[in-house]
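A quick write-up on the structure given underneath.
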Amino acid sequence: FAPPGKKKMGSPQIAVGVGLAGLLAWYAFRRRRTVGIKERTSESVAIGTFENERLSQSADLSLSGTLLLCTQNLAVSGANQVLLNLVEGSIWTGNIVVLSPSVGPFAKEFADLGASVCIGEVGQLLSRVRDVRFALCNTIMTAHIVLELTTRGIPNAWVLHEWWPSGMLEDELKKRNDKNTNAQVVAEALAKCPRVVTVCDAQRKLYNPTNPCVNFVGVPMPSPSSTEGSAEPSTARPITLLTLGIVCPRKNQLWAVEVFKEFAGSRKDVRLLIVGARYIREYEIQYVDKVKAAAAGDPRIEVHDVTNNVDKFYSISDALLFTSVNEVTPMVIAESMMRSIPVVTTDIAGIPEMLEHKQHGYVLPLEKANFVAALDELCEAGAEGQRRRLQMGAAAKRYANARFTNAQMVAGYRASVLQLSPPVILLDMDGVIVDWDSGFIGAWGSRSPIDRSKSYSMEDCVPTTMCSEAKAVFHQKGFFAGLPPREGAINAVKRMVGLGYQVFFCTAPVLTSAYCAGEKYEWIIRQFGQAFASRVIMTTDKTTVRGDLLIDDKPCITGSQMPTWQQVLFDTPYNRLVTGKCRLLSWANWEEVVASALVHSVGGTQAATEALPNETIVTKQMVAQLPDFSHMLPPEYRTNYVSWRTGKAQGAKGEAYQAAEELRAKQDAALNNESEDFTELTIYRSGYANWRRGGVSGAKSITFMRDD
């Protein structure tokens with residue numbers, strides 16, 4: 001694997017044009033006869049690491065190739081939710097393939113977003129999908145895939161979600177009895193993977209990979225309609241502490257009850273909501289019973305079942321009480337902070353990196369005295385306590401919004417993709433970096449006028465009787481070697497390489513010239529150095545060469561393939577009538593044009609929000625003109641019919657779409673209840689799940705008009 005910005009030549013990302021091997025051999029023979037070239041060779045060009053904030057932040061970034069997502073399984077889990085959020089956040093606008101060794105509920109969720117799902121092994125997939133550009137491996141259990149991808153030279157990143165210190169790591173791997181992964185495989189992957197992503201710096205220190213990168217897990221922004229942390233005075237309702245998560249020993253709710261009772265004493269203006277009881281696994285059932293027994297019927301302590309409507313509880317809470325003993329960076333903390341809810345939490349793993357002590361809440365060792373003191377301060381009765389909670393909540397929201405959004409997480413992963421597999425820029429030579437016309441005009445002299453707007457071919461721009469004479473000029477020995485560079489081209493190419501772009505010279509030789517091919521190599525070596533000879537791709541069919549952008553002056557490029565690149569047209573008199581392509585007027589503004597071309601598909605399909613030509617949008621006004629049959633309907637049917645006529649999305653009761661929605665809601669609730677931890681999932685939450693799948697009655701901040 002080549003380091004960032006130093007991609008191996010001949011990697012799977014770049015296809016070499018037809019006949020290059022023969023041309024290289026021919027050129028090597030000619031080079032032995034060439035004298036003085038070395039002395040005139042340019043100094044070496046520095047190759048940089050690719051960093052471009054604009055491209056990293058853009059959900060419209062368009063690169064060629066397939067993004068491969070490798071999962072441990074397709075079960076309902078927080079780790080898979082992260083991958084789903086990346087897909088939904090448009091980390092990649094091209095082809096996405098999700099690989100899993102087994103089927104599971106999340107297969108449908110990925111497919112709903114347009115990703116392909118493949119069940120099998122990575123070797124089988126790579127034999128079928130031949131254009132994998134980047135791979136993202138998810139969880140420790142994919143360590144063996146990381147090693148295979150790295151061996152094959154495919155850029156990849158490995159996302160670690162687990163907190164498994166030495167000793168625990170070995171035990172956890174044994175429990176899973178996976179023949180592919182053991183402690184030695186994990187250690188080798190940590191040493192060899194080109195990018196190991198941890199979700200906090202503490203996790204980075206725990207695993208100590210060779211090539212680390214920290215990227216916090218993002219969470220969805222609260223919908224505009226969801227109520228943020230309550231600002232009601234304490235006289236209106238009790239000061240409410242929320243403990244949210246599966247009720248189990250790891251989450252430590254029993255200890256939370258004990259802390260609350262010690263803090264609350266005889267106060268009647270406080271309460272504790274414990275949300276996350278479920279009755280599936282025996283050890284969880286037993287633990288729920290212990291929590292209820294500790295509450296001992298205290299009316300201030302409420303135990304609620306697992307829910308897919310967490311905002312119902314966030315909206316009535318004044319603080320989050322988080323007492324878990326094993327976490328990394330729990331999503332519930334970030335979600336609470338985004339809703340202006342201050343946090344009282346244990347100081348384990350990456351939690352201290354998520355908030356500042358006494359600024360956004362309290363980060364404490366697991367000792368009752370510390371928690372009781374913090375709750376006394378935060379939940380003080382009266383105006384002063386309310387002011388402190390509101391002030392901390394507001395600060396927490398600002399802090400979380402600057403760090404924990406899904407968009408920021410996606411941008412971080414997109415930046416890793418770009419660093420490890422930077423955009424591939426193909427540069428034509430003649431007319432783009434070489435001032436071919438100036439060289440020809442210098443050799444042509446005053447033999448005749450030249451009308452360059454007539455044709456791409458120079459022989460068609462001189463009088464017809466002089467066509468053969470014009471061809472003879474560029475067939476002469478030394479013509480291509482002596483051509484001048486375009487103004488600004490040399491420095492632009494050097495800067496392009498220095499910024500980390502993968503740059504190749506994609507040029508078509510004059511096949512009838514005995515000198516053209518060799519002199520093109522000579523020209524590149526003279527301007528950029530011997531190492532750049534390997535970046536020359538000579539082909540008569542540029543559509544066979546893979547890349548992201550081709551900067552070329554030719555008005556229309558055709559060939560045997562559908563090109564992976566988008567053409568940026570270098571402006572010349574003979575291509576001025578061409579429309580629908582990005583245009584580079586000169587090398588002075590190449591950075592802006594290249595970035596714009598990579599994030600905008602010129603001449604692409606209509607925006608998703610535009611109606612198709614034959615599609616009719618049913619409006620409220622159109623419905624109002626239809627006959628009203630409401631007086632003929634039974635009362636139980638009439639209400640929703642009238643609602644539909646007034647412009648709301650839901651139609652009459654009993655419609656098939658409504659029955660389907662109700663069934664899907666039940667399925668979502670069941671999957672949410674059976675997940676590892678419902679607080680780490682957003683896909684099955686009420687409202688959000690239906691809206692995300694394109695339903696009409698999803699998140700309440702979005703309204704659709706049904707077109708039936």
Side-chain angles (χ1 to χ4, degrees), residues 55-63 66-71 73-100 104-118 134-139 157 159 161 197 199 215-224 226 308 310-311 331 334-335 338 401 403-418 599 607-609 664 667-668 671-672 675 678-702 704:
L55 298 186
S56 298
Q57 296 284 344
S58 176
D60 297 319
L61 177 65
S62 179
L63 299 178
T66 291
L67 174 66
L68 175 61
L69 304 179
C70 302
T71 68
N73 54 45
L74 290 170
V76 179
S77 68
N80 283 337
Q81 177 75 64
V82 170
L83 287 189
L84 198 70
N85 288 349
L86 291 176
V87 176
E88 186 175 12
S90 299
I91 184 176
W92 194 257
T93 57
N95 187 37
I96 298 177
V97 176
V98 179
L99 174 67
S100 171
F106 258 51
K108 179 181 183 302
E109 307 307 333
F110 283 112
D112 283 348
L113 291 175
S116 301
V117 178
C118 178
F134 191 87
L136 199 59
C137 301
N138 204 33
T139 80
V159 189
H161 300 273
V197 182
V199 298
N215 198 345
F216 282 106
V217 173
V219 299
M221 295 289 287
S223 65
S226 66
N308 60 357
V310 294
D311 271 322
M331 184 170 136
E335 282 194 330
M338 284 183 174
N401 285 348
R403 288 163 177 79
F404 302 133
T405 65
N406 266 334
Q408 288 162 322
M409 177 185 72
V410 173
Y413 279 94
R414 195 181 290 117
S416 290
V417 173
L418 287 168
V599 298
T609 53
R664 188 161 54 195
Q667 292 173 332
D668 287 349
L671 290 168
N672 188 62
S675 64
F678 73 100
T679 63
E680 299 295 319
L681 298 168
T682 56
I683 180 62
Y684 299 124
R685 290 185 182 176
S686 60
Y688 174 77
N690 187 47
W691 162 74
R692 185 189 154 276
R693 293 161 174 160
V696 296
S697 58
K700 298 186 187 305
S701 61
I702 299 176
F704 290 86

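FYI, the numbering just counts along the sequence from 1.
- Between the side chain of T405 and the main chain of Q408, a donor-acceptor pair closer than 3.5 Å is present.
- For the residue pair A59 and G89, the shortest heavy atom distance occurs at CB-O, 4.3 Å.
- Heavy-atom minimum distance, H161 versus A79: CD2-CB, 3.7 Å.
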Can V117 and S100 be said to form a side chain to side chain contact (heavy atoms under 4.5 Å, CB included), step by step?
-> CA-CA 8 Å; V117 178; S100 171; 5.7 Å; no
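- Between L55 and V599 there is a side-chain heavy-atom pair separated by less than 4.5 Å.
- A 4.5 Å side-chain heavy-atom check between L86 and M409 finds at least one atom pair inside the cut-off.
- Under a 3.5 Å cut-off, the side chain of T71 and the backbone N or O of L74 do not form any donor-acceptor pair.
- Counting all heavy atoms, side chain and backbone alike, V98 lies closest to A115 at CG2-CB, 4.1 Å.
- The shortest distance between side-chain heavy atoms of L83 and F110 falls below 4.5 Å.
- Looking only at side-chain heavy atoms (C-beta outward), L61 and V417 stay at 4.5 Å or farther from each other.
- Side-chain contact between N406 and M221 is absent, with no heavy atoms from C-beta onward closer than 4.5 Å.
- From F404, atom CZ reaches atom CD of E335 across 12.0 Å, with rounding to the nearest 0.5 Å.
- The shortest side-chain heavy-atom distance between L69 and N138 does not fall under the 4.5 Å cut-off.
- Side chains of L418 and S56 form a contact here, defined as non-hydrogen atoms less than 4.5 Å apart.
- Residues F216 and R403 share a closest heavy-atom pair of CB-O, 4.4 Å.
- Atom-to-atom distance recorded for S90:OG and I96:CD1 is 8.0 Å, nearest 0.5 angstrom.
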Verdict with supporting geometry, L63 and W92, side chain to side chain contact (heavy atoms under 4.5 Å, CB included) = CA-CA 8 Å; L63 299 178; W92 194 257; 3.8 Å; yes
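- Taking each heavy atom of N95 and S116 in turn, the nearest pair found is OD1-OG, 4.3 Å.
- Between N85 and V410, the closest side-chain pair of non-hydrogen atoms is not below 4.5 Å.
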Decide side chain to side chain contact (heavy atoms under 4.5 Å, CB included) for N80 and N73; before the verdict, give the C-alpha distance in whole Å, the side-chain angles of both, and the deciding distance to 0.1 Å.
-> CA-CA 8 Å; N80 283 337; N73 54 45; 3.6 Å; yes
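- Nearest heavy atom pair, residue C118 against residue V97, reads CB-CG1, 4.2 Å.
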